[in-house]
Structure formats: C-alpha cells, structure tokens
Number of protein chains: 2
Amino acid sequence: MGNEFESRCENCIVRQFNALRAMNKEELKKVSDSKITKKLKKGEALFEEGEKLDGVFCVRNGVSKLSKLSANGKDQIVKLATKGEVIGQRSVIAEESTNLSAVAVNDMEVCFIPKDNIVTTLNANPAFTVEVLRHMAHDLREADDVIVNISQKTVKQRVAEAFLYLKNNFGEDADGFLALTLSREDIANVVGTATESCIRIISEFKKKGYIKTSGKKIGIAEERKLLDLVEGF
Amino acid sequence: MGNEFESRCENCIVRQFNALRAMNKEELKKVSDSKITKKLKKGEALFEEGEKLDGVFCVRNGVSKLSKLSANGKDQIVKLATKGEVIGQRSVIAEESTNLSAVAVNDMEVCFIPKDNIVTTLNANPAFTVEVLRHMAHDLREADDVIVNISQKTVKQRVAEAFLYLKNNFGEDADGFLALTLSREDIANVVGTATESCIRIISEFKKKGYIKTSGKKIGIAEERKLLDLVEGF
DNA sequence: TTTAAAGTATGATATTTGTCAGTTTTTGAA
DNA sequence: TTCAAAAACTGACAAATATCATACTTTAAA
C-alpha cells in the first residue's frame with residue numbers, strides 16, 4: 001500500500017467500484033496529479049455538516065459514517081461509506097454546502113479529488129456523468145428504503161435489519177463476528193433509536209440466541225430468526 | 001390547455017422546472033414526437049411498485065404521491081411530485097424496477113416520455129445529464145432530511161412540518177386554506193404515523209388555534225406557533 | 001333522494017420507546 | 001499497572017404512539 005504504483009489512480013483497485021472507472025486516461029491522469037491522499041484516525045472528521053466542499057473524497061480503506069445532527073443533540077447516521085465509495089459528490093454537484101458530516105468509524109485512507117477535476121469531466125464525458133448518475137440513483141433508492149423502514153418497522157426489526165446489513169456489506173471475520181464493529185451508540189444512530197433501547201434489544205437477541213457477542217463485537221448466530229423478525233413473524 | 005401549440009414540448013411551460021430545459025432543439029423535437037399525453041383521475045395509478053418502466057412521466061398538472069407499501073399494509077409517502085417534476089427517472093437510469101408506486105392525488109395530466117429518448121440524450125448531451133444529476137442530488141438531500149426528521153422529531157413536530165411544507169410548496173387558496181388538500185390518511189402517510197394519531201394532532205392544533213379546518217381542508221392560522229413547535233419550543 | 005361506503009373523529013387501553021439514575025465493564029493514557 | 005474516563009448495561013418509570021372500538025359525517029353511487 002502507498003507505493004508509487006498504487007498511488008496512481010490509474011492503478012488504484014478501488015476505482016472499479018465507483019464512477020471514476022468511466023474516466024478516460026487523460027482525465028484520470030489529471031485527477032491523479034491533483035489528488036491528495038489523507039490518513040484519518042478513528043473518530044476524525046472528513047468534513048462537518050454545513051461546510052463547503054472543494055472536492056470529493058474517494059475511500060481507499062476504512063469506513064466513514066455520514067450523519068446529521070439534530071436539534072436534540074442526536075446523530076442520525078444516513079449512510080456508511082466504505083472502500084471504493086465516493087463521498088461528497090452530492091454536495092459538489094448541487095453546489096451546496098454539505099447536509100451531512102463524515103467521520104471515520106475506523107482508521108481510514110482517502111483520496112481528496114478537487115472539485116474542478118470532477119466538474120470538468122462531468123461536463124465533457126457523458127459516460128462518467130451517467131455513471132455518477134447511476135450511483136446517485138442507487139443511493140436515492142436506498143434512502144427511500146431507509147425512510148420506509150424507519151417509519152414502518154419497530155426498533156427491534158430495525159436493529160435486526162442493521163445486523164443483516166452489516167453482515168452483507170462488510171462481511172464477517174474468521175470467528176463469525178461482524179467485520180465492522182460499531183459502538184452501541186453508532187448502531188443506535190444507524191437504527192434511529194436511543195442508545196439504551198438499542199442495548200436492551202442487543203441483550204434480548206443475545207439471550208434468545210440470535211446473536212453472540214464478545215466485548216463490543218457482535219456475531220450473527222441465527223440469521224433465519226433475524227430475517228423472520230424483520231419480515232414481521 | 002391541450003392545444004396544438006402547448007402540446008409541443010418545445011413550448012411547454014413546465015419544461016422550465018425540469019431537466020428537459022437542457023435538451024437541444026432536435027432532442028426536444030424527438031421527445032415531443034414520441035411522447036404520449038395521459039390524463040389521470042384522482043386515485044388512478046401511474047405505476048405500481050415493482051413495475052418496470054419504459055419511460056418517465058413529466059407532470060403537466062396535478063399532484064402525484066410516490067409511496068411504498070410495507071408488510072403491515074401501510075403506505076409511506078416518500079415524495080409529492082407536482083407540475084414540472086419528472087417521475088420515474090431514478091428507475092429508468094438505474095435500470096431497475098420501481099421501488100415506489102405513483103398515484104394521482106388529484107386529477108392529473110402527464111406526458112409519458114419513452115426511455116430511449118432519455119437514455120440517448122443522457123449519453124450524448126452532458127448538459128442534460130448534469131441537469132438530471134442536479135435534480136437527483138437535490139432529491140437525495142431531501143430524502144436525507146426526511147430520514148433525520150422521521151427518526152428524531154415527534155409525530156406532532158412532523159405534522160406541523162408537513163403543513164408548513166404544503167404551504168411552501170403548493171401555496172394557499174383565496175381563503176387561506178392549503179391549496180393541496182390531502183386526506184387525513186395521506187397526511188398520516190407523509191408523516192409516517194397512524195391515521196388516528198394524525199387526526200388527534202390535527203384536532204389539537206385546531207383547538208389551540210394553530211390551524212383552521214373546513215371539511216378536509218386545512219389552513220395555517222399561526223405559522224409562528226407551528227414553526228416554534230418544529231424547532232422544539 | 002336514499003343509502004352504503006369511505007372518511008373523520010374521539011375515547012379507552014395497550015404497547016413501544018425514551019429518559020433518568022445508577023452500576024459494571026472496558027479502554028487507553030499516565 | 002493503575003486509574004480515570006468512556007462505554008456498556010440494567011431497572012424503574014414516564015411519555016409517546018398505536019390499536020381497537022365505536023360514533024359521527026361526508027361523499028358518491030344506485
């Protein structure tokens with residue numbers, strides 16, 4: 001990692017997962033020449049709600065939570081962005097300040113790509129623009145699903161769903177624990193509930209044998225049961 | 001309405017409000033030649049959840065609710081689309097079946113624009129693609145805001161917010177009632193609550209003098225009070 | 001015009017979820 | 001290694017919201 005070869009966007013493996021794969025050689029070269037690689041420790045912020053972004057961030061490693069703070073001091077996590085995902089493009093495209101803040105959930109490595117690169121390519125390369133559009137369409141669908149889930153499912157169902165989501169999107173470690181370990185508070189903020197309520201449900205799931213825990217790590221023991229719960233059985 | 005002049009997209013006034021304004025003359029001519037104008041009565045569906053769309057709908061008149069049905073039989077309204085808005089582009093762009101259904105809230109007039117037109121222009125005219133992207137970025141931001149609202153505000157706050165939203169987006173009639181009249185059930189489905197809870201809150205607001213009602217029509221009497229409520233005072 | 005159906009309204013009650021207060025456990029820095 | 005701070009946890013209780021039952025009102029179809 002971080003050697004001369006991999007540090008060129010042209011050779012960066014995460015590009016496969018995002019819209020940058022639709023850039024041509026020249027465009028990519030320009031991006032590569034102007035990008036800045038940053039390392040963030042767990043808990044550090046990429047940007048805060050309300051900031052104006054001069055570019056986007058491409059995640060090379062680690063996970064960032066995108067969240068919005070409410071008047072009562074609670075954070076709602078809207079999305080977890082991982083390797084290959086681009087953060088901040090919504091704000092750059094709409095030319096608005098960000099509506100979300102982005103904080104590292106674990107140690108991260110990201111590339112900052114200045115706005116100009118993105119905007120120029122958007123206006124010149126339809127394939128790139130369409131690709132960005134596709135990703136955003138996908139994000140929008142996910143957002144719609146979250147809205148429906150939050151308003152129509154119980155907290156218990158949403159917690160169950162969150163665990164299944166974490167398994168499907170971030171996988172498990174060798175011992176069968178979820179590869180992405182979130183604090184109880186973060187889980188509560190994904191689900192949109194109070195931390196205590198979340199902890200209580202985790203305890204209940206553990207008691208019933210649906211999940212196993214080890215410190216703050218959580219593993220799915222009976223996926224079927226969680227699925228049934230989500231479906232309303 | 002509906003005369004030879006207005007029936008050409010080139011002359012259609014609602015185009016100002018959507019991405020079609022970024023199309024050039026030829027593209028617009030093609031759209032105009034292949035589009036189909038439809039009229040829908042209140043309650044009729046443009047499409048149902050899960051359908052594959054062969055094109056998008058451009059709203060000329062009336063309002064459509066975009067909603068998703070949940071397992072427990074309740075509908076969550078995710079968006080209200082009005083004059084000038086384009087419906088279904090998310091699904092066409094992502095090449096997925098729709099995640100939402102679209103039903104007319106009042107009598108509507110829409111133009112159906114076949115997919116090919118859109119896709120061709122997306123790939124050829126970056127200005128159009130960027131414009132679509134901008135609109136989608138805006139929708140995504142709104143969706144994020146809805147998520148945060150639903151998970152962090154009380155039902156009472158959300159009902160108050162819904163009325164303010166209706167006033168700002170659809171205006172008022174001569175007597176000071178909201179120009180868009182929704183059923184109590186639809187309001188509940190926008191807010192994400194039970195119909196009875198919604199009705200109860202409407203009664204309470206009325207008793208307190210924040211709003212006035214006349215049949216199913218609702219008018220905002222004390223905007224300040226509603227705003228305070230939303231802000232948490 | 002009548003009448004059934006749909007929509008609106010309200011009370012009583014159950015359930016879910018949040019809040020507060022306090023204890024235990026874990027973590028990371030000195 | 002120790003210790004203070006943060007995080008995880010638990011119980012008791014309060015508040016918000018949903019559900020069920022039922023009555024009233026409006027609407028639209030026969």
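Order of the sequence lines fixes the chain letters, A, B, ..., with proteins taken first and strands second; residue numbering starts at 1 for each chain.
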Undergrad: Tell me the interatomic distance from A:Lys153, atom NZ, to C:dT17, atom P, rounded to whole angstroms.
TA: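 For the pair A:Lys153 NZ and C:dT17 P, the rounded distance is 14 Å.
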Undergrad: In whole angstroms, how far is the P atom of C:dG18 from the CD atom of A:Gln76?
TA: 11 Å
Undergrad: Within this structure, what is the CD1-to-C1' distance between B:Ile211 and C:dT8, rounded to whole angstrom?
TA: 13 Å
Undergrad: Check the distance between D:dT25's C1' and B:Glu185's CD and give it to me in whole angstrom.
TA: 17 Å
Undergrad: Pick from A:Thr193, A:Thr181, A:Leu182: which one makes a side-chain contact (heavy atoms from CB on, under 4.5 Å) with A:Ile187?
TA: A:Leu182
Undergrad: Whole angstroms only, please: what is the NZ-P distance between A:Lys156 and C:dT16?
TA: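 It is 7 Å, rounded to the nearest whole Å.
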Undergrad: Please check the phosphate of C:dA9 (OP1 and OP2 only) for any side-chain N or O of B:Arg184 closer than 4.0 Å.
TA: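 True: B:Arg184 side-chain N/O within range (under 4.0 Å) of C:dA9 OP1/OP2.
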Undergrad: Reading DNA chain C from 5' onward, which residue's closest nucleotide shows up sooner: A:Gly215 or A:Gly192?
TA: A:Gly192
Undergrad: Of the nucleotides D:dT10, C:dT8, D:dT19, which has the atom closest to the B:Ala194 side chain?
TA: D:dT19
Undergrad: Over all strands shown, is B:Ser197 touching base, sugar-phosphate only, or nothing at heavy-atom distances under 4.0 angstrom?
TA: base
Undergrad: Given atom CD of B:Glu204 and atom C1' of C:dA9, what is their separation to the nearest angstrom?
TA: 15 Å
Undergrad: Applying a 4.0 Å non-hydrogen cut-off, can you work out what B:Thr195 is touching in the nucleic acid: base, sugar-phosphate, or nothing?
TA: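 No contact at all - B:Thr195 keeps every heavy atom at 4.0 Å or more from the nucleic acid.
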Undergrad: Taking the minimum atom-to-atom distance to the side chain of A:Ile199, which one of D:dA18, D:dA8, D:dT19 wins?
TA: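 Of the options given, the side chain of A:Ile199 lies nearest D:dA8.
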Undergrad: Expressed in angstrom and rounded to an integer, what is the separation of A:Glu196 atom CD from D:dA8 atom P?
TA: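 Rounded to the whole Å, the gap is 12 Å.
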Undergrad: Could you check if a side-chain atom of A:Val14 sits within less than 4.5 angstrom of a side-chain atom of A:Cys58, using non-hydrogen atoms only?
TA: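 Yes; the side chains approach each other to less than 4.5 Å.
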Undergrad: Please figure out whether B:Arg158 or A:Lys216 has its closest DNA chain D nucleotide nearer the 5' end.
TA: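 Between the two, 5'-proximity favours A:Lys216.
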Undergrad: Atom NZ of residue position A:Lys225 - does it have more than 12 heavy atoms of other residues, nucleotides or ligands inside 6.0 Å?
TA: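 Not more than 12 within 6.0 Å, no.
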Undergrad: Would you call the rings of B:Tyr210 and B:Phe205 parallel, tilted or perpendicular, where under 30° means parallel and over 60° means perpendicular?
TA: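 B:Tyr210 and B:Phe205: tilted rings.
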Undergrad: Please evaluate residues A:Lys68 and B:Asp144 with respect to the criterion salt bridge (Lys or Arg N to Asp or Glu O under 4.0 Å), reporting the C-alpha separation (whole Å), side-chain torsions for both, the decisive distance (0.1 Å), and the verdict.
TA: CA-CA 9 Å; A:Lys68 188 170 176 181; B:Asp144 285 346; over 6 Å; no
Undergrad: Nearest to the A:Arg200 side chain among D:dA12, C:dG11, C:dT8, which nucleotide is it?
TA: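 Among D:dA12, C:dG11, C:dT8, the one nearest the side chain of A:Arg200 is D:dA12.
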Undergrad: Can you find a side chain N or O atom of B:Lys74 that sits less than 4.0 Å from OP1 or OP2 on D:dT19?
TA: yes
Undergrad: Specify the separation, in whole Å, of atom NZ of A:Lys217 and atom P of C:dT26.
TA: 13 Å
Undergrad: Under 4.0 Å, counting only non-hydrogen atoms across every strand here, what does B:Lys206 touch: a base, just sugar-phosphate, or nothing?
TA: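 Answer is nothing: B:Lys206 stays at 4.0 Å or more from every strand.
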